[in-house]
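Quick note on labels: first sequence line is chain A, next is B, and so on, each numbered from 1.
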2 protein chains.
Amino acid sequence: MTIRLADTGDDNVLTPCIHDYQLNCGNCRLNGICLPLALKSDDIEQLDSIIQRSKPLQKNQHLYREDDDFKSVYAVRSGALKAYKTTDDGREQVTGFYFPGEILGMDGISNNLHASSAKALETAAVCEIPFTSLEKLSALMPSLQRHFFQLMSREITEDQQLITLLSKNSADERVASLMLSISTRNSRRKLSATQFRLPMSRVDIGNYLGLTVETVSRVFSRMQKLDILQVDNKEIKILDPPGLQNMANMGG
Amino acid sequence: MTIRLADTGDDNVLTPCIHDYQLNCGNCRLNGICLPLALKSDDIEQLDSIIQRSKPLQKNQHLYREDDDFKSVYAVRSGALKAYKTTDDGREQVTGFYFPGEILGMDGISNNLHASSAKALETAAVCEIPFTSLEKLSALMPSLQRHFFQLMSREITEDQQLITLLSKNSADERVASLMLSISTRNSRRKLSATQFRLPMSRVDIGNYLGLTVETVSRVFSRMQKLDILQVDNKEIKILDPPGLQNMANMGG
DNA sequence: TCTCGTCCTTGATTTACGTCAAGGTAGTAC
DNA sequence: GTACTACCTTGACGTAAATCAAGGACGAGA
């Protein structure tokens with residue numbers, strides 16, 4: 001695959017390779033779900049001017065680590081990342097998976113230190129948004145300030161969803177909910193809602209959902225036997241969306 | 001107890017009854033841990049001018065309910081509240097307890113609807129902070145904008161702590177952690193770190209920690225037998241703080 | 001091609017916590 | 001005082017998921 005650069009004069013610049021880091025906010029196909037949402041085009045240019053794009057992260061490479069100085073938040077442009085904390089006794093708690101268009105790193109604002117680590121699950125490109133610049137720009141652009149408040153608030157409500165999931169739901173329900181969540185987020189990005197490749201391992205899924213690998217694996221087998229999901233290693237095909245909904249919802 | 005009003009001319013106005021709702025931010029004894037933190041005194045006056053104080057909530061009275069229109073965030077001035085969501089199958093998930101100086105309601109920003117309900121656990125007074133006013137003021141006062149970003153970020157990191165607790169820790173560890181959290185928050189307010197009255201029921205504690213009432217009760221009994229805690233219904237006395245720390249931390 | 005390492009699956013067994021059941025205690029109303 | 005209610009505690013038992021154990025599948029590298 002050849003990387004197409006925006007300055008080549010190629011007439012393909014508006015649909016560049018997803019890892020192309022010369023892209024700008026104005027022509028990014030994610031701008032409907034990322035920060036620029038609801039900004040006017042000249043505002044987008046201003047936002048664009050503070051954003052830094054660097055070369056893609058390789059699989060397993062860290063974007064930042066717990067207790068690193070907090071300087072920026074990040075928007076995923078391609079690939080996928082996980083955020084995780086290491087508990088006192090050395091185990092890992094995955095706190096979120098991040099797909100293109102989603103923002104991570106906001107947990108670092110409170111103490112000026114990253115509260116979690118972020119690592120690429122596969123080759124991934126991100127936009128770095130220096131926080132002090134974002135603050136200044138927010139003060140000038142009410143819709144940007146509003147949007148960023150909303151993004152943080154969304155992170156809170158999503159965490160609360162996960163809290164509820166962990167505290168009240170069975171293993172089947174947890175895994176079904178995650179599959180639905182990934183499906184929904186895929187369709188927001190105009191990708192298939194019924195067929196996708198999981199970027200994370202079974203261990204990561206378990207660590208996120210508060211389950212062991214074995215349990216996750218057994219749940220997948222069960223879903224396969226019930227013809228709800230077709231599972232081929234990391235390739236997932238949802239055969240029975242209502243059935244999956246049902247499995248996720250029925251609480252108890 | 002008589003309620004002293006600020007306009008009585010009484011020389012006690014600077015240390016009024018905790019439920020006195022004529023108080024302002026400038027003389028509120030919580031202003032070191034609430035929103036005004038780090039604001040200059042004339043800035044505090046501006047903040048003060050947008051804040052609405054109303055009469056105290058009675059026990060079990062709602063401050064807002066899930067899906068209510070979002071208009072304001074709230075600072076607790078006295079008493080305690082719980083935030084909770086009702087799951088699809090009608091059960092309750094407590095997502096947080098809020099004590100004086102703490103802010104709640106921020107989960108409503110993302111969709112302009114409150115994502116959870118908030119109810120007084122005992123008689124409680126709150127300051128209502130209309131969000132649109134707060135937004136406008138934030139754009140003018142960088143330190144206020146910063147502080148509010150930090151408060152939201154703190155909510156995120158605290159939720160992530162809870163996620164980890166629910167996903168990795170035993171019943172003993174969860175209850176011990178909650179007792180330590182309450183103890184810490186008490187000492188931030190210059191109250192006893194070792195002796196306090198729980199404003200919430202065992203059911204609430206269970207709903208928060210993902211445990212049943214019976215389990216919570218058994219954990220308290222066990223802690224009492226180990227001389228870590230003295231439990232007399234809702235009156236808690238921490239007899240062995242290092243022992244409690246130990247019980248909370250040892251992740252096994 | 002074979003080898004090694006990582007990841008995944010499946011089965012047998014254990015266990016922490018949930019469920020069910022009964023009884024105690026404290027606050028409030030009468 | 002008694003009665004009612006909400007809340008808490010304790011015990012006996014059941015179960016979902018963890019743990020322990022073994023083996024299979026797949027990809028990377030020689």
Taking the nucleotide of DNA chain D with the closest heavy atom to each, which residue, B/Val213 or A/Thr212, is nearer the 5' end?
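By nearest-heavy-atom nucleotide position, the 5'-most residue is B/Val213.
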Short side-chain N/O contact from B/Ser221 to OP1 or OP2 of D/dT10, under 4.0 Å
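For D/dT10, OP1 or OP2 has a side-chain N or O of B/Ser221 closer than 4.0 Å.
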Establish, with yes or no, whether the OP1 or OP2 oxygen of D/dC8 is under 4.0 angstrom from a side-chain nitrogen or oxygen of B/Ser217.
no
Go through the side-chain N and O atoms of B/Lys85 and A/Gln160 and say whether any donor and acceptor fall under 3.5 Å apart.
no
Please report the interatomic distance CE(B/Met179) to CD1(B/Ile236), rounded to the nearest 0.5 Å.
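It is 5.5 Å, given to the nearest 0.5 Å.
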Do the rings of A/His114 and A/Phe70 sit parallel, tilted or perpendicular, given the 30° and 60° boundaries?
perpendicular
Using a 3.5 Å cut-off and no angle test, enumerate the donor-acceptor pairs between side-chain atoms of residues 219-227 of chain B and protein atoms at least two apart in sequence or in another chain.
from, atom 1, to, atom 2, distance (Å)
B/Ser221, OG, B/Ser217, O, 3.1
B/Arg222, NH1, B/Asp172, OD1, 2.6
B/Arg222, NH1, B/Asp172, OD2, 3.3
B/Gln224, OE1, B/Val231, N, 2.6

At the 4.0 Å heavy-atom cut-off to chain A, mark where contacts on DNA chain C begin and end, going 5' to 3'.
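The contacted stretch runs from C/dC8 to C/dA12.
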Over all strands shown, is B/Gly210 touching base, sugar-phosphate only, or nothing at heavy-atom distances under 4.0 angstrom?
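The residue B/Gly210 makes sugar-phosphate contact but no base contact.
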Whole-Å distance separating the [atom1] atom of [X] from the [atom2] atom of [N]:
X: A/Lys168; N: D/dA16; atom1: NZ; atom2: P; value: 18 Å
X: B/Leu121; N: D/dA6; atom1: CG; atom2: P; value: 18 Å
X: B/Arg222; N: D/dT10; atom1: CZ; atom2: P; value: 11 Å
X: A/Arg91; N: D/dA18; atom1: CZ; atom2: C1'; value: 12 Å
X: A/Ile205; N: D/dA17; atom1: CD1; atom2: P; value: 16 Å

Flag the pair A/Lys71 and A/Glu128 as a salt bridge only when some basic side-chain nitrogen lies within less than 4.0 angstrom of an acidic carboxylate oxygen.
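Judged by the 4.0 Å cut-off on N to carboxylate O distance, A/Lys71 and A/Glu128 do not form a salt bridge.
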Determine whether the aromatic ring centres of B/Tyr74 and B/Tyr64 lie less than 6.0 Å apart.
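Ring centres of B/Tyr64 and B/Tyr74 closer than 6.0 Å.
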In B/S/- notation, 5' to 3', how is nucleotides 20-29 of chain D contacted by protein heavy atoms closer than 4.0 Å?
B---------
Identify the two heavy atoms, one from B/Ser116 and one from B/Asp107, that lie closest to each other, and give their separation to 0.1 Å.
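Minimum heavy-atom separation between B/Ser116 and B/Asp107: OG-OD2, 2.6 Å.
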Kindly give the heavy-atom pair with the smallest separation between A/Glu66 and A/Thr86, and that separation in Å.
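It is OE1-N, 3.1 Å.
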Just by distance, do the side chain of A/Arg174 and the backbone of A/Asn169 share a donor-acceptor pair under 3.5 Å?
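Here the side-chain-to-backbone pair exists.
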